[in-house]
Peer 1: 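Just dropping this structure here.
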Amino acid sequence: MTRDWEAAALCAQADPEAWFPAKGEHAVTARGICRRCPVREPCLQDALADDEPSGIRGGLGPRERRRLKTRRSAAPATPCTPATATRRSPITNTREAVT
Ligand code: SF4
């Protein structure tokens, strides 16, 4: 099934092998193209929805997608407001309330 966004996919103009790196490789070329791709978000959403088990999609590899999906499913449904927002201190790497 072809999805609407696929017509604008930058990877359609490149060597598909770059999106399937060998074990231990980081797919730097593919990730760089994904970063500039205008359909990165719908590509990533579809990969997450399909539990795509291999390759780089939306700039993320399979393990990164699994982690993102886990984080999103564990995130509370409450909206982020100034009262609930936190930020990480770059020095201590601990959370502190935004005031
Ligand atoms: S984000 Fe990457 S994998 Fe997805 S369509 Fe764009 S270039 Fe292809």
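Whatever order the structure lists them in is the order used to number ligands and atoms, beginning at 1.
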Peer 1: Could you tell me, atom by atom, which parts of ligand 1 come under 4.0 Å of a heavy atom of W19?
Peer 2: 2 (Fe), 3 (S)
Peer 1: Treating Ile, Leu, Val, Met, Phe, Trp and Tyr as nodes and any side-chain heavy-atom pair under 4.5 angstrom as an edge, say whether L10 and W19 lie in one connected cluster.
Peer 2: yes
Peer 1: Give a yes or no on whether a salt bridge exists between D46 and R57, defined as a side-chain N under 4.0 angstrom from a carboxylate O.
Peer 2: no
Peer 1: Under the salt bridge (charged side-chain N to carboxylate O under 4.0 Å, His left out) test, which residues partner D50, sequence neighbours left out?
Peer 2: R3
Peer 1: Among residues at least two apart in sequence or on other chains, which ones pass side chain to side chain contact (heavy atoms under 4.5 Å, CB included) with E25?
Peer 2: P21, A22
Peer 1: Under a 4.5 Å side-chain heavy-atom rule over Ile, Leu, Val, Met, Phe, Trp and Tyr, are I33 and V39 clustered together?
Peer 2: no
Peer 1: Mind counting the protein N, O or S atoms sitting less than 2.8 Å from atom 4 (Fe) of ligand 1?
Peer 2: 1
Peer 1: Mind checking side chain to side chain contact (heavy atoms under 4.5 Å, CB included) for E64 and listing every partner two or more places apart, or none if nothing turns up?
Peer 2: R31, L60
